[in-house]
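Working notes for the structure below.
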Amino acid sequence: MEKSIFEGLNNKQVEAVRATDGPVLVISGPGSGKTRCLTHRVAFLISQGIKPESILAITFTNKAANEIKERVSRLLEGEGKFHQPMLGTFHSVCLKILRREIGVLGYSPNFSVFDQDDQLSLVKRVMAGLELDPKKYNPRMVLNKISKLKTDLVFPENYNPTEFFPKIVSRVYNAYQSELKKMNGLDFDDLIVLTVKIFKQNPEILEKYQNFWKYILVDEYQDTSHDQYTLVKLLSAKHRNVFAIGDDAQSIYAFRDADIRNILNFQKDYPDAKVIFLEQNYRSTKNILAAAQNIISNNQTQVPKELWTENMKGEKIHIKETLNERAEAEFMVDKMDGLMEQNGYKIQDFTILYRTHAQSRAIEEALITRGFPYQIVGGIRFYERKEIKDILAYLRFMLNPTDLISFERIYNVPTRGIGKSTLEKITAIGGENLIEAVGTLAKEKGDSKQARSLTEFKNLLDDLSKKRKEKNLSSTIKYVIKRTNYEDYLQSLVAKKEMFDNAEDKMDNLKELLTVAKKYDMLKGEEGIEKFLEEIALLQETDKLKDAGDRITLMTIHSSKGLEFPVVFIAGMEEGLFPHSRATLAPSEMEEERRLCYVAITRAKDRLVITHAKYRNIFGQSQANLPSRFIGEMPQNILTIQPLFGNDYYEDDVIEY
DNA sequence: AAGACCGATGTTTTT
DNA sequence: CATCGGTCTT
């Protein structure tokens with residue numbers, strides 16, 4: 001048993017797996033077997049007689065959580081039946097806690113979870129109520145600031161700024177939070193922040209969880225924010241068995257308040273911490289690793305470490321300058337073609353990474369023209385499409401008839417003759433239940449055309465409320481689509497040219513939604529809806545990556561974290577784009593861009609191709625760009641540079657060992 | 001209340 | 001450029 005758990009691990013990894021008691025920090029370079037280490041540690045803990053359910057492992061993605069789940073099951077095969085440890089992201093773990101405990105904060109356990117879109121509409125609504133001009137104060141900026149305050153655990157009642165703009169923010173923040181509470185809704189930040197709040201205010205609840213989870217593992221520790229850090233600190237305070245693993249050099253989420261200091265200061269927090277470095281890289285060639293290390297060495301803030309690999313030296317890194325983004329895309333397609341033809345690569349061996357989503361378009365066009373299959377991560381996300389969001393809003397509203405945000409989405413979708421002024425009247429009646437408010441207003445209107453629209457709408461909502469208990473999830477969704485005549489509505493949008501996709505595609509998307517929904521059909525009525533909405537709310541981009549499938553994957557560098565590919569293309573390596581122009585001012589931001597570059601490069605196993613365009617269209621205007629400084633930060637002797645014109649480039653570089 | 005038209009505005013990155 | 005929101009017309 002023990003033997004199989006340590007099989008295939010190097011000494012450092014074994015050390016990290018065996019250090020079961022007390023605080024442990026593992027600094028793990030890219031490709032150093034981090035997931036492997038986490039998995040084996042969980043398996044080892046269980047083999048030592050620790051109850052699986054007393055282990056909490058927080059991962060950065062749901063995908064990693066599933067991977068650990070599967071691998072642990074495999075490692076412990078034949079050990080008899082055992083409970084699963086708690087595995088999940090910060091957000092999903094907190095959601096589970098809150099469904100049980102949120103009562104103490106005066107919310108009810110069937111709360112809705114609002115995504116970023118919803119948050120922004122709420123901020124706008126609140127600002128309108130406070131008569132704040134959205135032109136003067138950008139609602140996005142206000143929301144951003146609110147979110148930062150939340151992650152820093154500053155609650156509205158504790159925020160008393162003196163300066164002008166913060167004072168505005170403070171007013172919005174107060175109103176925003178009380179609106180959320182009124183409609184029994186939580187935003188993403190609340191999931192973490194309110195959990196911390198409960199733990200701080202109710203030591204007996206905290207203690208219950210401390211006793212339950214005696215061993216805590218946190219993945220991607222470098223990307224934790226202050227609230228997440230606090231949560232871990234609280235939960236682990238009693239038993240102090242906290243295992244943090246991560247890589248400061250791969251911290252790329254400062255913009256959403258990740259604080260690299262959490263990992264840098266781990267030893268200050270836990271002076272008795274055992275610190276282990278995983279420096280052997282199993283993923284990349286020597287050249288790729290050298291490029292990554294040379295670049296990152298330009299950063300001041302970092303934990304010193306020396307990565308190494310036994311892999312071969314490999315190909316040189318191919319740098320190509322093209323005339324514009326179209327030529328760039330065509331070059332990449334040609335290059336892939338050549339690699340498949342001459343080197344036996346398969347289409348799923350390739351990934352194209354870029355700094356911003358906007359870059360995907362030119363690349364997609366080239367891929368479509370040449371008939372190359374691809375999948376794209378992020379961008380116009382499936383669950384952000386109008387038709388999906390509409391139907392989900394109906395579901396959400398069925399569960400929580402105080403959910404004003406969802407109501408605003410559906411009250412006139414499909415169009416049913418209820419306009420903005422009528423909406424205002426409904427919300428003015430307000431009350432606990434918006435369905436009742438619709439009914440009340442219908443009665444007030446007597447026998448008008450409006451009254452008929454309202455009554456019809458009320459009947460619809462009543463029918464839906466009834467159905468939510470009777471049917472399983474996929475029938476409920478089908479019923480919503482049918483009862484609202486949603487398909488006709490889509491077709492009318494097409495007819496009016498308000499929508500440029502065809503209605504069939506949209507219906508296909510809804511069918512795909514139904515396929516996902518079928519998973520929840522065995523749960524009864526409301527519970528199915530609830531679990532389904534939860535899954536969707538917390539879903540991440542990379543979760544949707546299909547493993548099999550013969551296609552090229554396109555995504556932002558941020559989305560690529562944790563993944564690896566035989567051949568990586570990095571597009572748009574230009575000053576202003578990467579590093580992004582918004583980041584060139586502060587040194588800390590430039591360092592983050594550099595870490596991002598480090599992440600991008602270290603996704604590659606054997607080949608790396610980097611492109612930069614001389615001219616690029618931005619906002620419809622052609623802009624001339626210089627090659628990225630990061631190209632200059634790589635050791636020049638491992639590069640093959642192919643300039644815009646000229647053929648001083650040879651495909652058959654020598655492979656050295 | 002709905003549709004048509006126009007000008008402003010924006011793009012990092014995402015749980 | 002392309003989407004969004006606001007305003008004007010029907």
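Hydrogens, waters and symmetry mates play no part in the numbers below; they use all other heavy atoms, side chains included. Below, chain A is the first sequence line, B the second, and so on; all start at residue 1.
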A:Ser121 vs A:Glu408, side chain to side chain donor-acceptor pair (under 3.5 Å): CA-CA, chis, key distance, verdict: CA-CA 9 Å; A:Ser121 0; A:Glu408 276 186 309; 5.6 Å; no
Nearest-angstrom distance from the residue atom [atom1] of [X] to [atom2] of [N]:
| X | N | atom1 | atom2 | result |
| --- | --- | --- | --- | --- |
| A:Glu589 | B:dT12 | CD | C1' | 10 Å |
| A:Arg594 | B:dT13 | CZ | C1' | 18 Å |
| A:Leu577 | B:dT13 | CG | P | 10 Å |
| A:Leu98 | B:dT15 | CG | P | 19 Å |
| A:Ile192 | B:dT14 | CD1 | P | 18 Å |
| A:Tyr598 | B:dT13 | OH | P | 24 Å |
| A:Asp117 | B:dT14 | CG | C1' | 13 Å |
| A:Ile252 | B:dT12 | CD1 | C1' | 12 Å |

By the 4.0 Å heavy-atom rule, please label [X] as base, sugar-phosphate, or nothing.
| X | value |
| --- | --- |
| A:Asp189 | nothing |
| A:Tyr253 | sugar-phosphate |
| A:Arg361 | sugar-phosphate |

Side chain of [X]: nearest nucleotide among [options]?
| X | options | result |
| --- | --- | --- |
| A:Arg140 | B:dT14, B:dT13, B:dT11 | B:dT11 |
| A:Glu593 | B:dT11, B:dT12, B:dT15 | B:dT12 |
| A:His580 | B:dT11, B:dA1, B:dT14 | B:dT11 |
| A:Thr422 | B:dA1, B:dT13, B:dG10 | B:dA1 |
| A:His91 | B:dT11, B:dT15, B:dT14 | B:dT15 |
| A:Arg355 | B:dT15, B:dA1, B:dT12 | B:dT12 |

Stacking of A:His558 on B:dT13 base (centres under 5.5 Å, planes under 30°): no
Test of understanding: with ring pair (Phe, Tyr, Trp, His ring centres under 6.0 Å), list the residues that count as partners of A:Tyr520, not counting sequence neighbours. A:Phe532
A:Phe350: partners by ring pair (Phe, Tyr, Trp, His ring centres under 6.0 Å), with sequence neighbours left out: none
Do the charged groups of [X] and [Y] touch, with an N to O distance under 4.0 Å?
| X | Y | answer |
| --- | --- | --- |
| A:Asp219 | A:Lys34 | yes |
| A:Arg595 | A:Glu592 | yes |
| A:Glu444 | A:Lys425 | no |

Can you work out whether A:Ser421 or A:Phe90 has the more 5'-proximal nearest nucleotide on DNA chain B? A:Ser421
If each of A:Ile618 and A:Ile418 is mapped to the nucleotide of DNA chain B with the nearest heavy atom, which maps nearer the 5' terminus, i.e. the 5' end? A:Ile418
Establish, from distance only, whether the side-chain atoms of A:Asn625 and A:Arg616 form a donor-acceptor pair under 3.5 Å. no
Report, one pair per line, the protein and nucleotides 5-9 of chain C atoms (nitrogen or oxygen only) whose separation is under 3.5 Å.
from, atom 1, to, atom 2, distance (Å)
C:dG5, OP1, A:Lys124, NZ, 3.1

Distance (rounded to the nearest 0.5 Å) between A:Ser421 OG and A:Ile426 CD1: 9.5 Å
Whole-Å C1' distance, C:dG6 and B:dT11: 22 Å
Take atom C1' in C:dG5 and the same atom in B:dT12, then report the distance between them in whole Å. 23 Å
Is there a side-chain contact (heavy atoms from CB on, under 4.5 Å) between A:Thr369 and A:Glu330? Walk through the geometry before answering. CA-CA 10 Å; A:Thr369 311; A:Glu330 273 160 27; over 6 Å; no
Any side-chain N or O of [X] less than 4.0 Å from the OP1 or OP2 oxygen of [N]?
| X | N | answer |
| --- | --- | --- |
| A:Thr556 | B:dT14 | yes |
| A:Asn138 | B:dT9 | no |
| A:Thr415 | B:dA1 | no |

